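Since the model is a prediction, treat every value here as computed from it, not as a measurement. Starting from 1, each residue takes its place in the sequence as its number. When a ligand or atom number is given, it counts from 1 through the structure's own listing order.
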Amino acid sequence: MNNKVVLIGFYNEKALGVRYLANALTSHGFEPIIIFFKRFNSEVPEIATEKEVDLARQIIEKSQPIFVGLSVMSSLYLTESDKVNEMVRKNFNVPVVWGGVYATLEPQRALEKCDIVSRGEGEGPIAELAIALRDGTDWKHIRGMCYLDENGNFVQNDIGPIQEDIDLYGYPIIGGDNMYLITDDKIIPGDPQLRAFSYELSASRGCPFQCTYCSAVNLRRVYTGQPGRYVRFRSVDSVIEELKDAKAKIPRLRLVHFWDEIFSNQDGWVDEFSWRYKEEIGLPFRIWGHPLMTNDDIISKLVDAGLHQVVMGIQSGSPTVRAENFHRYEKQEQIIEASRVLSRQKVPEVYYDLMICHPFETLDQLKETFDLCLELEPPFHLNIHGLNFLPATDIVQMAIDRGMYTQEELDSMMYSSLQEQYDRHWGPHASSFADASAKNSWSDLIFLTQFPAIRKEVIALSRDPDGNTKKITALKKRMEKKKRLDYYIERIKLVLKIGS
Ligand code: B12
Ligand code: SF4
């Protein structure tokens, strides 16, 4: 009996979603074949070559699966996943199923390209779908499935209850023969994770916040009206078991990334996690934090356990921009206090995320970000971005309602090519904002606040940014170079320190 299913993840050789699905399929007796189609690369936006698409075709050809599942997580790579999707449709007479964040939030658009969309968490539904497609029974009743009926009408099934006990999902598959990385015009057989220095996992599902530029709130709304709590934590046992497995299988493992949208701040959980992690895993780890979920007690325990880096979203120094436009309700003092906690507890690396120079912000509000940065307790690094409009997020409709963009303009930004999206948000031009040189000077000054040694000079320059434009630009260039160099030195030190 054919029991093969091909799963494809894009630009992410560690793709947690795909690995969870593979685990679910395996436990139902199926044989998942995973293609990691190209590596995650946040610095060079590589497009998919014809050769690479054809290599994916060859793997599918050899596997003869019941269906092909595409994990379409981010719209950044849509033009590239489309190439693979078209290849599958042209060459194979099997259903093409899309899941992942993008497919979940834009199922109708996705169905213009594929046969079935699976919305929401896929562990249960994918196994039910595989059984139905293998046995030739009806799949159209399966929860979370979307499809077009015989008249071309869009059908969206109820998503079903929330799985509250997420330990039941097990953990993502690590290692195995049926895995292939396609990159640089070649196939590299085996699990790329086994060759890595870092391991990525999530100890929870769901985020309790509602930021308008982020998909998290929209993903939560998909489950509106369903019984069960949406923000869920795995047991510490389950997390430690996964990490022990990772340690045993990954010889060069040096660093652990927790990709929980916000790492747990639950008292009992953090206590048990901290002592067990220190004793049983003992590797430095990174988390994403939130100003409202940070206190001395929790951070001190996590630092003792090996917390190496915290990345925390602040986004704007203007309380108005934060509350009215981003729906982030933390107060100025709460952000400053969170920064003091991280500094007091000596978290080795602290990063604050900012989104600046966008239509939801005035020049005065941009200056407020500069003022707030001066109040944050050093040392810290800044990740400075513009505002990235993501499909189906609340801020898209807000921008239309306020007359900032039309739907067509936003569509052309959100669905543009990989290179265009990259250039707009992460490329070298991402922090040069064409609309006003005044904004440029202030964004440069904000960048410069992360270097305590030049604070006095930066404050002096900020008294007359127009008159000091050249000096500010030159200083920024110099400090950018320094930052890049420091970053590489820190990485090397970390690997050497842990390796010794
Ligand atoms: C962790 C994370 C990352 C990690 C990924 C690490 C890893 N090893 O996978 C890193 C940091 C690398 C990353 C990178 C990026 N990310 Co990210 N990331 C997330 C985050 C917080 C969690 C993803 C995750 O692991 N979830 C847990 C797994 C189990 O869930 P899942 O992947 O959704 O899969 C489940 C279901 O969707 C479904 N499913 C998935 N695929 C399929 C396929 C089939 C066939 C079926 C049936 C079901 C199914 O079943 C799975 C199991 O339940 C999400 C937010 C979120 N809540 O999803 C943002 C998110 C996905 N990221 C986002 C973005 C924008 C990016 C980047 C573009 C950022 C950048 N500047 O480069 C890149 C793109 C990377 C890529 N290759 O696509 C956006 C995407 C929105 C959009 N429309 O594009 C999100 C939604 C956050 C946000 N801002 O709103 N990310
Ligand atoms: S706190 Fe982070 S993950 Fe949660 S909604 Fe806001 S931006 Fe998204």
Side-chain angles (χ1 to χ4, degrees), residues 5-25 36-43 45 67-78 80-81 95-106 114 116-130 142 144-145 163 166 169 171-172 193 198-202 204-220 231 257-262 288-293 311-313 315 326-328 330 353 355 383 385 388-393 414 418 421-422 425-426:
V5 174
V6 169
L7 297 174
I8 309 180
F10 294 93
Y11 290 83
N12 183 359
E13 68 274 26
K14 296 185 180 167
L16 295 176
V18 171
R19 290 169 185 272
Y20 268 107
L21 296 172
N23 187 16
L25 285 168
F36 297 104
F37 191 80
K38 299 192 69 71
R39 286 203 170 96
F40 178 58
N41 182 341
S42 59
E43 282 169 25
F67 69 91
V68 176
L70 269 57
S71 185
V72 189
M73 164 167 136
S74 127
S75 44
L76 179 61
Y77 299 105
L78 261 185
E80 309 315 295
S81 56
V96 181
V97 186
W98 282 23
V101 175
Y102 173 75
T104 295
L105 298 180
E106 292 285 8
C114 64
I116 305 171
V117 166
S118 170
R119 290 165 81 225
E121 291 171 8
E123 286 86 346
I126 202 170
E128 287 179 50
L129 183 67
I142 299 174
M145 298 298 153
Q163 173 57 267
I166 53 171
Y169 287 152
Y171 57 83
Q193 172 67 82
S198 64
Y199 184 74
E200 309 182 1
L201 79 162
S202 187
S204 64
R205 298 248 175 140
C207 173
F209 296 101
Q210 60 279 311
C211 309
T212 53
Y213 51 82
C214 173
S215 309
V217 60
N218 310 86
L219 289 170
R220 191 168 72 218
V231 179
H257 293 247
F258 282 93
W259 287 138
D260 304 66
E261 284 146 314
I262 304 295
W288 283 334
H290 191 286
L292 296 181
M293 290 172 69
V311 179
M312 185 177 283
Q315 315 307 357
F326 294 162
H327 295 179
R328 293 185 66 111
E330 51 276 16
D353 283 342
M355 294 194 309
N383 293 324
H385 300 289
N388 184 15
F389 287 99
L390 297 169
T393 51
M414 294 187 295
L418 170 56
Q421 291 192 56
Y422 180 84
H425 298 291
W426 297 283

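Within the structure, the closest approach of Arg205 to ligand 1 falls below 4.0 Å when heavy atoms are considered. Heavy-atom separations between Tyr213 and ligand 2 include at least one value shorter than 4.0 Å. Ligand 1 lies out of reach of Thr104, whose nearest heavy atom is not under 4.0 Å from it. For Ser202, the heavy-atom gap to ligand 1 stays at 4.0 angstrom or more. Ligand 1 is approached by Trp288 to a heavy-atom distance shorter than 4.0 Å. Under a 4.0 angstrom heavy-atom cut-off, Gly206 registers as lying outside contact with ligand 1. Using 4.0 Å as the threshold, Pro125 has no heavy atom nearer than that to any atom of ligand 1.
Interface atoms of ligand 1 facing Leu219, defined by a heavy-atom separation under 4.0 Å, are 56 (C), 57 (N), 58 (O). Each of the atoms 83 (N) of ligand 1 lies under 4.0 Å from some heavy atom of Pro391. Annotation for ligand 1: atoms under 4.0 Å from non-hydrogen atoms of Val97 are 45 (C). Those atoms of ligand 1 with a heavy atom of Gly100 less than 4.0 angstrom away are 37 (O), 39 (N), 40 (C), 41 (N), 42 (C), 49 (C). Counting the atoms of ligand 1 from 1 in the order shown, those under 4.0 Å from a heavy atom of Ser75 are 82 (C), 83 (N), 84 (O). Counting atoms of ligand 1 from 1 in the listed order, those under 4.0 Å from a heavy atom of Ser118 are 47 (C). The ligand atoms of ligand 1 that sit less than 4.0 angstrom from a heavy atom of Lys14 are 8 (N).
By the 30° and 60° cut-offs, the orientation of the rings of Trp259 relative to Trp288 is tilted. Between Tyr213 and Phe326, the angle of the ring planes goes over 60°, which puts this pair in the perpendicular group of the 30/60° scheme.
In this structure, Glu123 contributes its side chain and Ala22 its backbone to no donor-acceptor pair below 3.5 Å. Proximity of a side-chain donor or acceptor of Lys14 to a complementary backbone N or O of Phe40 within less than 3.5 Å is not detected. In this structure, Arg39 contributes its side chain and Glu13 its backbone to no donor-acceptor pair below 3.5 Å. Put simply, the side chain of Arg328 gets close to the backbone of Gly313: a donor and an acceptor are under 3.5 Å apart.
Remark: ligand 1 and Glu123 share an N or O pair separated by less than 3.5 Å (distance only, no angle test). Not a single N or O atom of Tyr77, backbone or side chain, sits closer than 3.5 Å to an N or O atom of ligand 1. The shortest N or O to N or O distance between Gly122 and ligand 1 is under 3.5 Å. Taking only nitrogen or oxygen atoms, main chain and side chain alike, Leu16 reaches within less than 3.5 Å of ligand 1. Considering both main-chain and side-chain atoms, Asn12 comes within under 3.5 Å of ligand 1 through a nitrogen or oxygen pair.
Using a 4.0 Å cut-off between heavy atoms, Thr393 makes no contact with ligand 1 at all. Only the side chain of Glu200 comes within 4.0 Å of ligand 1, counting heavy atoms alone; its backbone N, CA, C and O stay farther away. With a heavy-atom cut-off of 4.0 Å, Tyr213 does not touch ligand 1 at all. With a 4.0 Å heavy-atom cut-off, ligand 1 is reached by the side chain of Glu261 but not by its N, CA, C or O. Of the heavy atoms in Phe67, none comes closer than 4.0 Å to ligand 1. With a 4.0 Å cut-off on non-hydrogen atoms, Phe10 touches ligand 1 through its backbone and not its side chain. At a heavy-atom distance under 4.0 Å, no atom of Tyr102 approaches ligand 1. Heavy atoms of Leu390 found under 4.0 angstrom from ligand 1 belong exclusively to the side chain.
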Side chains of residues 95-106: which donor-acceptor partners sit under 3.5 Å, not counting sequence neighbours?
from: Trp98; atom 1: NE1; to: Asn85; atom 2: OD1; distance (Å): 3.0
from: Thr104; atom 1: OG1; to: Gly100; atom 2: O; distance (Å): 2.8
from: Thr104; atom 1: OG1; to: Gly120; atom 2: N; distance (Å): 3.1

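Taking each heavy atom of Tyr199 and Pro172 in turn, the nearest pair found is OH-O, 4.4 Å. Across all non-hydrogen atoms, the minimal contact from Val311 to Asp353 is CG1-OD2, 3.7 Å. Taking each heavy atom of Val231 and Cys207 in turn, the nearest pair found is CG2-C, 3.8 Å. When all heavy atoms of Leu292 and Phe209 are compared, the closest pair comes out as CD1-CE2, 4.1 Å. Listed here is the closest heavy atom pair of Glu200 and Leu16: O-CD2, 3.4 Å.
Rounding to the nearest 0.5 Å places OG of Ser71 at 14.0 Å from CZ of Phe37. To the nearest 0.5 Å, the span separating OG1 on Thr393 from CE on Met414 amounts to 7.0 Å. To the nearest 0.5 Å, atom SG of residue Cys211 and atom NE2 of residue His327 are 10.0 Å apart. Taking CG of Leu76 as the start and OG of Ser81 as the end, the distance is 10.0 Å to the nearest 0.5 Å. Rounded to the nearest 0.5 Å, atoms OG (Ser202) and OH (Tyr169) are 12.5 Å apart. The CE atom of Met145 sits 4.5 Å away from the CG atom of Leu129 when rounded to the nearest 0.5 Å.
Here Glu261 does not pair with Arg220 in a salt bridge; the nearest charged N to carboxylate O distance is not below 4.0 Å.
Here the two rings, on Tyr77 and Tyr11, have centers that are under 6.0 Å apart.
Annotation: protein N, O or S atoms under 2.8 Å of atom 4 (Fe) of ligand 2 (waters excluded) comprise Cys207 SG.
Taking each of Leu78, Leu70, Leu201, Asp260 in turn, the one with a heavy atom nearest to atom 43 (C) of ligand 1 proves to be Leu70. In this structure, of Ala15, Gly17, Gly99, the residue bringing a heavy atom nearest to atom 34 (O) of ligand 1 is Gly17.
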